[in-house]
Amino acid sequence: MTSFPLPPGSTIGVLGGGQLGRMLSLAAARLGFDVVILDPEKDSPAGRVSAHQIVTRYDDPAGLKTLGAASDVITFEFENVPADRVAQLVELGCAVAPGPRALAVAQDRAEEKTFLNAIGAPTVAFAAVDSEESLVAALAQIGVPSLLKTRRDGYDGKGQHWIEHLNEARGAWAALGGRPAILEAAADFVRELSVIAARGRDGEIACYPLSENHHEGGVLRRTVAPARVTETVRDHAEAIAAKILTGLDYVGVIGVELFELADGRLLVNEIAPRVHNTGHWTQDGCEVDQFEQHIRAIAGWPLGPTDPLAHVEMLNLLGEEAHEWRKLAGEPETRLHLYGKGEARPGRKMGHVNRLTKLG
Ligand code: AMP
């Protein structure tokens, strides 16, 4: 059994070797930890900056066992790691944070919304859909316009289909490949906000200032933080985050995506049981950023302060936009973060910049 707090020199295992794993690994190294990355790709963005790599599938029992044996605590950087495999790691006696329940809830949109409503976190109206007939029934209940989403494996707007007319059930069901889905009422939001929050092993909770997020084609393009919000909105967002963290007995950083309605009410869109793209601004805008905060939480260290130091505009660098590094590096207000990915495919997240202005 691992005992906490973990001393420097301990090893942190991370499932997933993308940019989130890379930035977690860099933060962990700063606190004196070693990181071992498990990812199917050799020399993944995270693997290249970590002490060790295990190159195998996420569901390879032998690979997971090796990861478990090497790590004092295991975490993940993306939520589509098979939850039953993570549960196996727990059964083997590995410390895993956040735990398998958080992962299972976040992996299935129907379970996620059911959990959120049960703890008093409001969402849009929704109905689970598992056949064309049940989609017809769900449309009669929810109405149009509405959004059909796959229950699992959706990210960056993938696996989603808008329905404008009640007679579109067949086409919509086929468009998602007949996979289990949920139908969501359209949220009539004025803004998309998010709150990045953390919970430590002792139950302490810390929230970052809210950020305002702008998507294009389902992909995050730009975050502005701290968002200008009323005290009521901020308090409500923090109360929602606290309910989620406590309800899941969560340890680590979570991203909670919110819709702000015209009357100031907030609905939860979805939760991400990990560090989150809308929290990248904290790297240059807050006293302790989301990556270090996650490492502190899972290692059983005290959480760090989340106060803002600057106003930040975070822009994702997609595809060839990262080729602008020379120009961006020359801008005094710009902090450049590149993920070390080789091929700048269109739309691929290659890096981001944080543009700083004084708080005021
Ligand atoms: P998601 O993958 O669920 O985060 O959805 C990606 C984006 O689609 C969100 O950031 C919103 O811009 C939009 N979206 C998702 N669900 C809804 C909804 N129920 N109503 C309106 N827009 C939505």
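Order of listing sets the numbers, starting from 1, for every ligand and every atom in it. Heavy-atom basis, side chains included; hydrogens, waters and symmetry copies ignored.
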Can you name the atoms of ligand 1, numbered from 1 with element, that are less than 4.0 Å from a heavy atom of R109? 2 (O), 3 (O)

Run the contact test for A185 against ligand 1 with a 4.0 Å cut-off on heavy atoms, strictly below, and give the result. yes

With no hydrogens and no angle check, just 3.5 Å: does a side-chain donor-acceptor pair link Y58 and D39? yes

Looking only at heavy atoms, is any part of W162 under 4.0 Å from ligand 1, and if so is it the side chain, the backbone, or both, or is it neither? side chain

Relative to the ring of H352, is the ring of H337 parallel (under 30°), tilted (30 to 60°) or perpendicular (over 60°)? parallel

Does R201 count as lying over the ring of F4, i.e. NZ or CZ under 6.0 Å from the six-ring centre, within 45 degrees of the axis? yes

Tell me the nearest of K149, Q160, E216 to atom 8 (O) of ligand 1, using heavy-atom distances. Q160

Assess, by modelled atom type and distance only, whether the side chains of Q53 and D43 contain a donor and an acceptor separated by less than 3.5 Å. yes

Relative to ligand 1, is N213 under 4.0 angstrom through side chain, backbone, both or neither, heavy atoms considered? neither

Say whether Q88 and K65, considering side chains only, have a donor N or O and an acceptor N or O under 3.5 Å apart. no

Would you say T11 and D34 are linked by a side-chain donor-acceptor pair, where the criterion is simply a distance under 3.5 Å? no

Going by heavy-atom distance to atom 20 (N) of ligand 1, choose the closest among G218, G217, A187, S194. A187

Run down the list E184, E270, H214, H215 and name the one with the heavy atom closest to atom 19 (N) of ligand 1. E184

With heavy atoms of E257 as the reference, note each atom of ligand 1 found under 4.0 Å away. 4 (O)

